[in-house]
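Right, one structure below, let's go through it.
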Number of protein chains: 2
Amino acid sequence: MPGPPRVTLDDVARRAGVSTATASRALGDHPHVAAATRARVREAAEALDYVASPEATRLAGGPTGRVAVLVPHPSRWFFGELLEGLEAALRAADLDLVIFRVGGPEERAAFFARLPARRKVDAVVVLAFAVDELEHARLASLGVDVVAAGGRVASYPSVGIDDHVAGRQAMDHLVHLGHRRIGMIAVGDTQRSGAGPSGKDVGCLAPEPDGRTSAWRAALGDAGIAPDDELVVTVPWGGEGGADGMARLLGLRSPPTAVFAHDDETALGAIRTLRRAGLRVPEDLSVIGVDDHPLAALTDLTTVAQPVRAQGRRAGELVVAALRGELADGLPPAELLPTRLVLRGTTSPPGAPR
Amino acid sequence: MPGPPRVTLDDVARRAGVSTATASRALGDHPHVAAATRARVREAAEALDYVASPEATRLAGGPTGRVAVLVPHPSRWFFGELLEGLEAALRAADLDLVIFRVGGPEERAAFFARLPARRKVDAVVVLAFAVDELEHARLASLGVDVVAAGGRVASYPSVGIDDHVAGRQAMDHLVHLGHRRIGMIAVGDTQRSGAGPSGKDVGCLAPEPDGRTSAWRAALGDAGIAPDDELVVTVPWGGEGGADGMARLLGLRSPPTAVFAHDDETALGAIRTLRRAGLRVPEDLSVIGVDDHPLAALTDLTTVAQPVRAQGRRAGELVVAALRGELADGLPPAELLPTRLVLRGTTSPPGAPR
DNA sequence: CACCGACCCGCAAGCGCTTCCAGAGTCGTT
DNA sequence: AACGACTCTGGAAGCGCTTGCGGGTCGGTG
């Protein structure tokens with residue numbers, strides 16, 4: 001399968017009647033190339049349907065035009081959405097996106113040990129997971145720019161949401177409705193959360209209070225309610241986790257009248273448990289999540305919406321800026337996109353139909 | 001950001017006391033290299049933590065080690081899952097996955113017009129969408145192998161499920177429960193469905209009866225029920241589409257007692273409409289979908305499960321085989337993975353509580 | 001004991017592109 | 001009118017690796 005005869009830069013140059021060097025400069029937007037010449041070369045390239053060989057470009061010192069993205073779970077809505085935004089932004093800048101799945105600890109270890117992205121990309125985007133010191137060092141050894149999206153990793157430019165604020169939006173809503181005993185289903189999946197909002201460390205492997213959980217505590221405190229740690233259960237990510245968490249909460253001597261779930265899928269799991277237990281939502285128990293997953297609208301779930309795709313897009317833009325060397329030095333920028341409470345049918349005042 | 005000083009093959013060769021050529025052959029498992037020499041070179045490479053520059057390797061005649069994947073909607077579970085399986089299979093073969101989003105017609109046109117993958121990849125994987133003749137030609141001009149996953153594209157090796165069989169599993173279940181008036185919510189999104197099961201054409205843009213819809217008709221026929229075309233509504237993909245479809249079905253003079261939705265998300269949308277209309281599921285109306293989306297389990301939705309990730313993985317394996325030139329000539333293989341009815345709580349005999 | 005393969009190995013020619021360096025014009029200035 | 005300062009372009013040297021080709025070595029034959 002030799003494919004069609006490849007068009008080389010020399011072909012373009014010849015057709016445009018210039019040298020290879022000039023052709024290269026013309027195509028590369030270098031200064032000191034007459035506008036007319038540049039146009040002629042462009043035209044020739046266009047006519048020949050020329051595409052530079054990434055290998056040769058890179059070998060000769062140029063950029064690869066590729067960026068790697070480290071994604072824990074491509075099949076989850078959150079990551080898919082992030083990926084979609086990222087791809088759009090990078091594609092607009094003519095960059096290709098190479099994906100590397102780093103799900104479980106083994107895959108993760110394998111990735112950082114072998115560093116398969118080595119010398120293949122110009123930048124790396126880390127999607128929503130904490131990076132420990134060792135990993136940070138390995139990444140640094142790649143010698144490329146790194147950007148984090150969907151979560152914060154101190155020391156890298158990043159874009160995400162303020163988990164604490166999002167958590168407050170959810171909790172305050174519950175508190176305003178009159179709930180006093182509010183449970184929280186936290187997710188222990190470190191893959192999912194980034195470093196804490198004030199995380200000074202490179203990463204956080206210890207389950208240091210994540211923003212959403214700290215919001216639970218703070219909201220309660222502000223309302224003059226003593227936080228009861230029994231009301232916080234930590235489960236693995238996913239619907240089943242949420243279901244388990246709810247079951248545990250229901251098993252308490254004094255169950256909550258409302259539950260703040262780490263995210264929508266967890267919330268949906270919690271709701272299934274409630275339904276199976278014969279409890280009505282929101283009459284008997286209110287539930288709120290975070291994300292505004294498309295299925296939240298379908299299941300009438302009250303939630304705190306976050307602009308996921310926009311986070312991906314913005315991260316892509318940061319990458320482009322970094323590659324152009326346009327990123328200001330000093331503190332890496334940490335952009336926080338706004339979240340918004342979306343009222344639907346799974347929350348109501350305690351003990352009262354909506 | 002120059003990164004660490006790179007170790008070249010020459011360094012390794014020098015350390016092993018051989019020429020670059022020999023070092024290359026030793027590392028590349030070529031014949032005609034003395035075992036002792038090979039060992040010495042290996043050792044030197046190991047000691048120096050040598051990693052070949054993929055660029056140089058490729059430039060010198062090798063393959064790129066990259067494969068492109070064309071995906072319509074990365075954020076949808078179905079595609080994410082496909083991607084995940086694909087990535088795993090390719091990574092195992094040391095191939096990188098470059099993603100190209102080809103959602104709307106414009107993006108699609110842009111992709112095929114610019115053919116950005118040209119010379120950048122060794123193969124292309126098309127995820128679950130039909131390819132028209134023009135596109136097929138463009139793809140062919142890339143001179144690379146093409147594989148389809150999650151849907152069939154005649155003329156390319158592919159892996160997917162038999163939509164007709166899956167549809168029959170769903171429909172037969174409904175028929176066996178005693179339903180006589182069964183509606184179908186089909187999805188008009190051509191992105192989602194591949195060519196019809198008997199598609200001889202390269203692609204199918206016209207909404208030729210897709211497998212699931214033909215199954216609706218066939219199952220009814222086999223049960224001695226005259227198919228009423230009024231009961232088939234076509235909607236755009238997604239929960240909202242499903243909700244609309246259900247509303248239309250409910251508006252019929254004689255509404256169905258059961259509904260077969262194209263997929264789980266559509267089914268979930270349909271259920272929302274039912275709930276809002278005050279109808280109970282499955283007591284008043286049964287609903288079944290296809291996919292076994294993780295949220296189907298959470299919402300207790302009866303469905304026909306399909307092994308999505310496996311489809312991706314298998315497609316990856318086909319790519320690897322193709323790259324090795326191991327694919328038998330002649331008819332491109334079209335693998336069909338099995339689907340399975342998953343009984344849950346949204347179906348029951350008509351007019352009777354479960 | 002001379003001769004022929006089989007085996008290994010080194011030399012060197014690229015793969016396609018970027019970039020340093022220098023040459024040839026073109027202007028503007030004193 | 002002459003000279004420096006630029007602007008634009010071409011020549012050529014790699015980037016790191018693969019591979020065809022030819023020259024040594026060695027063991028095995030007649």
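Everything numeric here is computed off the predicted structure, so don't read it as measured data. Note on naming: letters A, B, ... go to the chains in the order of the sequence lines (proteins, then strands), and numbering restarts at 1 for each one.
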Per-nucleotide protein contact along nucleotides 4-13 of chain D, 5' to 3', at a 4.0 Å heavy-atom cut-off (B base, S sugar-phosphate only, - neither), is ---SSBBB--
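- Within 4.0 Å of B:Thr8, counting heavy atoms only, lie sugar-phosphate atoms of the nucleic acid but no base atom.
- For the helix from C:dC1-D:dG30 to C:dT30-D:dA1, the rotation axes defined at the first and last 5 base pairs enclose an angle of 50°, given to the nearest 10°.
- Here B:Thr57 lies in heavy-atom contact (under 4.0 Å) with sugar-phosphate atoms only.
- Applying the ring-ring contact (aromatic ring centres under 6.0 Å, His included) test to every pair with at least one member in residues 87-128 of chain A, sequence neighbours left out, gives these pairs: A:Phe100-A:Phe111.
- The side-chain hydrogen bond (donor to acceptor under 3.5 Å, both in side chains) pairs that include a residue from residues 309-319 of chain A are A:Glu81-A:Arg309, A:Glu84-A:Arg309, A:Gln306-A:Gln311, A:Arg314-A:Glu317, A:Arg314-A:Glu335, where partners are two or more places apart or lie in different chains.
- Applying the side chain to side chain contact (heavy atoms under 4.5 Å, CB included) rule to A:Thr37 yields the partners A:Val18, A:Thr22, A:Val33, A:Ala34, A:Arg40, A:Val41; only residues at least two apart in sequence or on another chain are considered.
- Qualifying side chain to side chain contact (heavy atoms under 4.5 Å, CB included) partners for A:Arg15, counting only residues two or more places apart in sequence or in other chains: A:Ala44, A:Ala47, A:Leu48.
- Pairs passing the salt bridge (Lys or Arg N to Asp or Glu O under 4.0 Å) check and including a residue from residues 41-52 of chain B, sequence neighbours excluded, read B:Asp29-B:Arg42.
- Atom CD of A:Glu55 is separated from atom C1' of D:dC17 by 12 Å (rounded to the nearest Å).
- Residues meeting the side chain to side chain contact (heavy atoms under 4.5 Å, CB included) test with B:Leu59, sequence neighbours left out: A:Glu55, A:Ala56, A:Leu59.
- Here the side chain of B:Glu135 pairs no donor or acceptor atom with the backbone of B:Val131 at under 3.5 angstrom.
- Remark: A:Asp122 pairs with A:Thr64 by the side chain to side chain donor-acceptor pair (under 3.5 Å) rule, at least two apart or across chains.
- B:Asp96 pairs by the salt bridge (charged side-chain N to carboxylate O under 4.0 Å, His left out) definition with A:Lys120, B:Arg91, not counting sequence neighbours.
- A nucleotide of DNA chain C counts as in contact with chain B when one of its atoms lies under 4.0 Å from a heavy atom; the first and last such, 5' to 3', are C:dC8 to C:dG16.
- Every residue was checked against the side chain to side chain donor-acceptor pair (under 3.5 Å) condition with B:Ser24, not counting sequence neighbours, and none meets it.
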